[in-house]
Amino acid sequence: MTYIEDSTVIDNTIYDLINKAFEKEKETKDPIYRNSIFKEHIDYFVKTDDGSYSIKSKEINDKVETLHTISGAISESFEKFVKPLELNYDEDIAILDICSGLGYNSSAALDDFIKRTENQENKPTLKIDLLEISKPTLAAGLLVPSPIKAHDITKKAIEQELIATDYASLELEQTEIPDNISMKIHIDDARKVIQNLPDNTYDAIFLDPFSQNMSPELFSVDFFNEFRRVIKDNGIVATYTSSAPVRMGFIEANFYVSLGPIFGRFQGGTLASPQPNNLKTSLPKNDEIKMALSDVGVTFKDPNLNLSSQEILDNRQEERHQARHNTKISSAVKTPIFLGQKMDNEPLKRRVERNLAKMNIPGVLSEEALYIIEPMNNWSEDYSNDNNSRTRILDMMARLDEIANKN
């Protein structure tokens with residue numbers, strides 16, 4: 001299986017049907033093949049709670065999911081990717097949309113930009129680079145009903161690129177792309193594309209792969225190092241995940257991290273920026289502690305941006321194994337979150353303190369335990385330049401190293 005096939009998330013059957021339909025379109029120059037897919041194969045599309053459509057995934061770990069939250073596909077784009085950025089439309093804006101899929105995140109950004117600049121005399125420009133490795137996934141964006149008018153603009157850009165790359169042949173999208181909007185579709189491995197993008201360019205990066213286990217290569221520290229290069233100092237990265245290795249990846253790549261909005265999931269997403277004053281809300285206390293002190297915070301690594309997904313997952317698993325009881329507290333039974341806590345559950349306490357003892361920490365209320373988590377005494381939901389999730393996590397990491405290396 002090729003990397004492109006392995007990276008494509010949509011259901012295998014609809015993937016093949018889309019490919020065949022566009023092959024027939026090229027052969028016959030007849031729009032019927034493209035136009036009939038949605039109605040004839042509606043079972044592969046899922047109407048979410050806000051009326052916008054998602055598409056079913058292939059079976060992953062014995063489960064079939066949708067590419068978007070069932071709470072609302074286009075609503076998630078607005079709530080998790082556009083609104084938290086609070087972009088300044090008095091200036092020209094550039095956005096990098098990674099794993100653009102059906103084009104909803106870019107369309108939400110377009111909608112926000114158009115509405116907020118419609119009365120401006122000197123209109124700024126909006127540039128969006130969309131990165132998506134799967135042509136059938138992009139083509140699926142042409143098939144679903146547009147949930148907002150701006151999605152028609154995205155469809156036009158997608159169609160143009162699919163024609164240019166000999167996947168489609170007919171210009172069926174009638175909406176024109178406004179003169180002050182530029183959309184470029186990159187159909188390739190995002191890791192290759194980003195290495196050729198210019199420094200200090202983007203005001204925002206949307207990071208929306210299906211999952212970290214499916215695409216750990218798009219959540220690696222090394223990929224985030226490229227983010228740090230191409231993003232502006234006041235830029236913000238938005239992603240839906242609350243994953244510890246992803247958040248730690250941002251920190252290791254010299255970003256500050258904060259809590260993103262909660263929508264359609266139990267936990268909030270993640271925002272990251274080169275500067276702390278661009279962020280507002282600290283990560284939850286226990287998240288900071290687990291990331292700083294336990295092996296759950298071991299990051300995904302892809303040094304040359306060319307490893308397979310499985311290699312990255314296997315390497316991280318091995319690194320976690322080596323770190324456990326050596327440089328990191330075991331994540332078993334969530335051991336680190338009990339530091340400084342009185343524990344009444346004696347069996348659990350014994351398990352926790354056995355894990356702590358292997359890191360030179362005599363007990364949950366020991367002097368060493370209290371010293372390690374002392375930065376959390378200053379925890380505040382409000383984000384400040386000198387007291388925030390990044391500074392506290394790095395401080396706790398240094399303190400754990402100091403205690404672990406004693407004697």
Side-chain angles (χ1 to χ4, degrees), residues 1-48 52-68 70 73-74 97-107 130-147 151-175 183-190 192-193 208-211 214-215 308-309:
M1 183 177 289
T2 66
Y3 177 69
I4 292 177
E5 291 170 330
D6 196 41
S7 301
T8 299
V9 177
I10 63 173
D11 177 273
N12 291 326
T13 302
I14 194 65
Y15 176 94
D16 292 338
L17 288 167
I18 292 172
N19 274 334
K20 289 174 183 176
F22 278 86
E23 286 174 8
K24 293 296 289 184
E25 175 182 306
K26 286 199 300 176
E27 288 176 15
T28 65
K29 300 296 188 277
D30 191 335
I32 190 172
Y33 297 102
R34 186 197 305 188
N35 291 338
S36 64
I37 295 176
F38 181 77
K39 289 182 180 178
E40 292 183 5
H41 305 288
I42 189 65
D43 288 349
Y44 293 100
F45 298 88
V46 178
K47 192 173 186 179
T48 65
S52 60
Y53 280 87
S54 186
I55 190 167
K56 289 183 178 180
S57 76
K58 60 187 176 186
E59 190 172 290
I60 302 170
N61 296 326
D62 300 320
K63 288 177 62 179
V64 173
E65 301 182 39
T66 57
L67 268 59
H68 310 85
I70 202 69
I74 193 65
D97 182 4
I98 297 174
C99 294
S100 53
L102 307 186
Y104 286 169
N105 293 339
S106 287
S107 299
L130 297 86
L131 279 58
E132 173 58 56
I133 197 168
S134 168
K135 289 182 181 179
T137 303
L138 284 170
L142 302 180
L143 309 179
V144 295
S146 291
H151 191 233
D152 291 333
I153 299 174
T154 304
K155 283 183 174 181
K156 183 67 174 181
I158 291 172
E159 183 184 67
Q160 288 176 342
E161 185 60 23
L162 292 178
I163 291 172
T165 54
D166 198 33
Y167 186 84
S169 61
L170 298 178
E171 293 188 35
L172 304 183
E173 299 298 330
Q174 300 302 309
T175 300
M183 303 186 77
K184 182 172 177 58
I185 315 292
H186 304 261
I187 307 176
D188 203 346
D189 183 343
K192 293 180 181 178
V193 175
D208 200 14
F210 184 70
S211 74
M214 180 75 178
S215 304
S308 70
S309 303

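All values below were derived from every heavy atom in this structure, side-chain atoms included, with hydrogens, water molecules and symmetry-related copies excluded. Remember, it's a predicted structure, so these values are computed and weren't measured experimentally.
- Closest non-hydrogen pair, Glu132 versus Gly101, comes out as OE1-N, 2.9 Å.
- When all heavy atoms of Ala168 and Lys26 are compared, the pair lying nearest together is C-CG, 4.3 Å.
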Apply the test side-chain contact (heavy atoms from CB on, under 4.5 Å) to residues Tyr44 and Leu143: give CA-CA distance (whole Å), side-chain angles for both, the deciding distance (0.1 Å), then the verdict.
CA-CA 12 Å; Tyr44 293 100; Leu143 309 179; over 6 Å; no

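- The structure places NZ of Lys155 at 9.0 Å from OG1 of Thr175, a figure rounded to the nearest 0.5 Å.
- Put simply, the side chain of Glu161 does not reach to within 4.5 Å of the side chain of Leu138, judged on heavy atoms.
- Distance CD/Glu159 to CG/Asp152: 11.0 Å, rounded to 0.5 Å.
- Between the side chain of Ser134 and the main chain of Thr8, no donor-acceptor pair closer than 3.5 Å is present.
- Within a 6.0 Å radius of NZ in Lys39, no more than 12 heavy atoms belonging to other residues, nucleotides or ligands are found.
- By the 4.5 Å heavy-atom criterion applied to side chains, Ile185 and Thr165 are not counted as neighbours.
- Taking each heavy atom of Asn19 and Pro136 in turn, the nearest pair found is OD1-CG, 3.3 Å.
- Side chains of Thr154 and Ser107: a donor-acceptor N/O pair is present below 3.5 angstrom, by distance only.
- Residues Ser146 and His151 approach most closely at OG-ND1, 3.2 Å, considering heavy atoms.
- The CZ atom of Phe22 sits 12.5 Å away from atom CG of Asp166, with the distance rounded to the nearest 0.5 Å.
- Under the 4.5 Å side-chain criterion, counting only non-hydrogen atoms from C-beta, Asn105 is in contact with Asp208.
- A distance-only check finds no donor-acceptor pair linking the side chain of Arg34 to the backbone of Leu142 [under 3.5 Å].
- Annotation: side chain of Glu171 is not in contact with side chain of Gln160 (no heavy-atom distance under 4.5 Å).
- Ring geometry, His68 versus Tyr104: the interplanar angle falls from 30° to 60°, so the pair is classed tilted.
- Atoms OG and CD, on Ser57 and Glu65 in that order, are 5.5 Å from each other to the nearest 0.5 Å.
- You'll find the side chain of Thr137 stays beyond 4.5 Å of the side chain of Val9, heavy atoms only.
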Any chance you could lay out the side-chain contact (heavy atoms from CB on, under 4.5 Å) test for Val64 and Asp11, step after step, and finish with the verdict?
CA-CA 8 Å; Val64 173; Asp11 177 273; 5.6 Å; no

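- Looking at heavy atoms from C-beta onward, Phe45 lies in side-chain contact with Ile14 at the 4.5 angstrom threshold.
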I'd like to know whether Ile187 forms a side-chain contact (heavy atoms from CB on, under 4.5 Å) with Leu162, so could you lay out the CA-CA distance, the side-chain angles of the two residues, the decisive distance to 0.1 Å, and finally the verdict.
CA-CA 9 Å; Ile187 307 176; Leu162 292 178; 4.1 Å; yes

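- Without hydrogens or angle criteria, Ser54 side chain to Thr66 main chain gives no donor-acceptor distance under 3.5 Å.
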Determine, step by step, whether Glu40 and Leu17 satisfy the side-chain contact (heavy atoms from CB on, under 4.5 Å) criterion, reporting the C-alpha distance in whole Å, the side-chain angles of both residues, the deciding distance to 0.1 Å, and the verdict.
CA-CA 11 Å; Glu40 292 183 5; Leu17 288 167; over 6 Å; no

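- Closest non-hydrogen pair, Ser215 versus Pro209, comes out as CB-CB, 4.2 Å.
- Within the 3.5 Å criterion, the main-chain N or O of Glu25 finds a donor-acceptor partner in the side chain of Ser169.
- Panel note: side chain Lys58, backbone Asn12; no donor-acceptor pair is recorded below 3.5 Å.
- Distance CG/Asp189 to CG/Leu131: 9.0 Å, rounded to 0.5 Å.
- With salt bridges taken as basic N to acidic carboxylate O contacts below 4.0 Å, one links Glu27 and Lys24.
- Closest of all the heavy-atom pairs between Ala21 and Tyr33 is O-CB, 3.5 Å.
- Proximity of Phe210 to Cys99: side-chain heavy atoms (C-beta onward) are nowhere separated by under 4.5 Å.
- In this structure, Ile55 and Val144 have side chains that are not in contact, with every pair of non-hydrogen atoms separated by 4.5 Å or more.
- The distance from atom CD1 of Ile18 to atom NE2 of His41, rounded to the nearest 0.5 Å, is 9.5 Å.
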